[in-house]
Protein chains: 2
Amino acid sequence: MISLPRATIRLKTETKASRPMQVADAIKGWVVEQGLQAGDRLPGEAELIERFGMAKGTIREAMRILEAQGLITTRTGPGGGSFVHEVSRQRARALLGNYFYFQHLTIADIYQLRRVLEPELAASLAGKLSDSLLQELEANIARYSQPASTLDEEREQHVTSLRFHALLAAQSENALLSFLIDFMVRMLSDLTVYRKLYSPPNLELWSKGRGYQERLVQALRVGDSHAARQIMEAHMNTAQRLMEGQEAAMLRGFISE
Amino acid sequence: MISLPRATIRLKTETKASRPMQVADAIKGWVVEQGLQAGDRLPGEAELIERFGMAKGTIREAMRILEAQGLITTRTGPGGGSFVHEVSRQRARALLGNYFYFQHLTIADIYQLRRVLEPELAASLAGKLSDSLLQELEANIARYSQPASTLDEEREQHVTSLRFHALLAAQSENALLSFLIDFMVRMLSDLTVYRKLYSPPNLELWSKGRGYQERLVQALRVGDSHAARQIMEAHMNTAQRLMEGQEAAMLRGFISE
DNA sequence: CCCAATTTGTTCGTATGTATC
DNA sequence: AGATACATACGAACAAATTGG
């Protein structure tokens, strides 16, 4: 049995934050201190009430704070309670999206990063992808090899072609690189959902982009890291041009999970 | 006067999330819908209780959720209440840090990104920095021009030299690039605080890094974008080598604001 | 400095919902 | 089905903080 702080707990003295916030921070620190892992159970409401010497409502607000940050989940019933939870990628993405809701990001901003990060990703993945994934990538490309006939279809093709990059990002062993590229791709996908871009379509650039993806898969398959990097660089240049002129402010809502 | 959803509110039917969560999402959506800006006042507790037809505790939990995400702040007293709040960089950093607490990032992971992003940042800032900032950068360098005598001093020099990059990041007009570099720099700074790295010190590499920073400031001053990029690339290579062999898992606690 | 009004913050008792055995 | 163990929600009362007179 492990002891939470102390009977009448010592929260950070010199209190400025609200009590629920202090409790949440205390629990966070305690989790780290005890080295609790995802899935480990936290003390129940009743126990926390006793340990912290606070009312149920206060404790519950603290739990909501931790839950909102994605750090715990809660279940009712016997054997229920609060459990340490690994912050999910979706949650992290939504939370970070809230930040950029207030910063006016442009498409150019995102591409400034994509232009250097996507080639780096491609180079690092050359020769490391499974056959099944390479086939999945090719299947993805096939879904937009025919010109779109309707505007909806075109929009969906665009989202699908972005999914190509999300698939790649998921393969990186670098969690930071993986998360970031996925994040940017989602931002761009959301854009295509909320706005009707790409009219009139630039068919030439579009087909060129598809060609790059095909060549990229080949380079990845044979493990040619240098070629993969170069192809992706060219691809990003094309994609950026395809997006150009769509500079308007980007996001109109909070990102949902 | 603007109306919140409806008397007996229509939360997302087919409910799986907790009620406070639903309320929080409803308010979030309402804020976006109404185009509320940072600083705008939200309805008070009493009004929300009435509008949503829920108990005080439930509403309060919802507010704590929004507060935890950094989207609102709350004040007591007359004229008080909850106000839309721009998610701060610190908050976003802490929330994203929670995600990576569960992903085992290595120093190499961070440098894989820094190696391409820092040069991009440097190139984009060439010729665009004010004299006062250039002087601040030089003053920063001066703070570690003399070899450290104690281990604490050495650690502080390291953090200070990372601050050089945070200063640069803050100058970028690209909020995504700016945030990311700042985030990485903080991760590395936290590392130097929690662990004693850099022993034994590699004085040669260290002084070489300082030299790069000096030359970089010059390139930035005269607006030589190409040189700035190249110098930063070399600098990153040096820094990475300086960090090498320190591969151990990184973060031991949650990032605090 | 005190008092009153306003608004959030906290407590407690009770009842309801839900999952497990 | 019933008992148990847990979170969830409600409502009323009271406490604390802030502002203005």
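Because the structure is predicted, anything quoted here is derived from the model rather than measured. Worth knowing before you read on, the calculation uses all heavy atoms, side chains too, and leaves out hydrogens, waters and symmetry mates. Chain A is the first sequence line, chain B the second, and so forth, proteins listed ahead of strands; every chain is numbered from 1.
Residue B:Pro43 is tested with B:Ile59, B:Leu48, B:Ile27 for a side-chain contact (heavy atoms from CB on, under 4.5 Å); the sole match is B:Leu48.
The nearest whole Å value for the distance from the CD atom in B:Gln22 to the P atom in D:dT8 is 13 Å. Between the CZ atom of A:Arg64 and the C1' atom of C:dG9 there is a distance of 18 Å, given to the nearest Å. With rounding to whole Å, A:Arg60 atom CZ is found 16 Å from C:dC12 atom P. Rounded to whole Å, atom C1' of C:dT6 lies 15 Å from atom CD of B:Glu47. Rounded to a whole Å, the CD1 atom of A:Ile59 is 11 Å from the P atom of C:dC12. Regarding A:Met21, its CE atom lies at a distance of 13 Å from the P atom of C:dG9, rounded to whole Å. One interatomic measurement links the two molecules: CG of A:Leu48 to C1' of D:dT8, which rounds to 16 Å at whole-angstrom precision. Separating the NZ atom of B:Lys56 from the C1' atom of D:dC10 is a distance of 13 Å, rounded to the nearest angstrom.
Checked against D:dA9, D:dA5, C:dT8, the side chain of A:Pro78 finds its nearest nucleotide in D:dA5. Taking only side-chain atoms of A:Pro20, from C-beta outward, the nucleotide of D:dA7, C:dT8, C:dT10 with the closest atom is C:dT10. Closest to the side chain of A:Thr76, from the set C:dT7, D:dT19, D:dA7, is D:dA7.
When all heavy atoms of A:Leu125 and A:Leu220 are compared, the pair lying nearest together is C-CD2, 4.0 Å. Smallest separation of non-hydrogen atoms from B:Ala68 and A:Ala68: CB-CB, 4.1 Å.
Among the atoms of the strands shown, only primed sugar atoms or phosphate atoms (P, OP1, OP2) are found under 4.0 Å from some heavy atom of A:Arg75. Here A:Gly44 lies in heavy-atom contact (under 4.0 Å) with sugar-phosphate atoms only.
A close approach under 4.0 Å does occur between a side-chain nitrogen or oxygen of A:Arg19 and OP1 or OP2 of C:dT10. A sub-4.0 Å separation between OP1 or OP2 of C:dT11 and a side-chain N or O of A:Thr58 is present.
Along DNA chain C, the nucleotide closest to B:Gly79 and the one closest to A:Gly57 are compared, and the more 5′ of them pairs with B:Gly79.
Between A:Arg91 and A:Glu257 there is a salt bridge, since at least one side-chain N of the basic residue sits less than 4.0 Å from a carboxylate O of the acidic one.
A cation-pi arrangement is present between A:Arg75 and A:Phe83 under the rule of less than 6.0 angstrom and at most 45 degrees off the ring axis.
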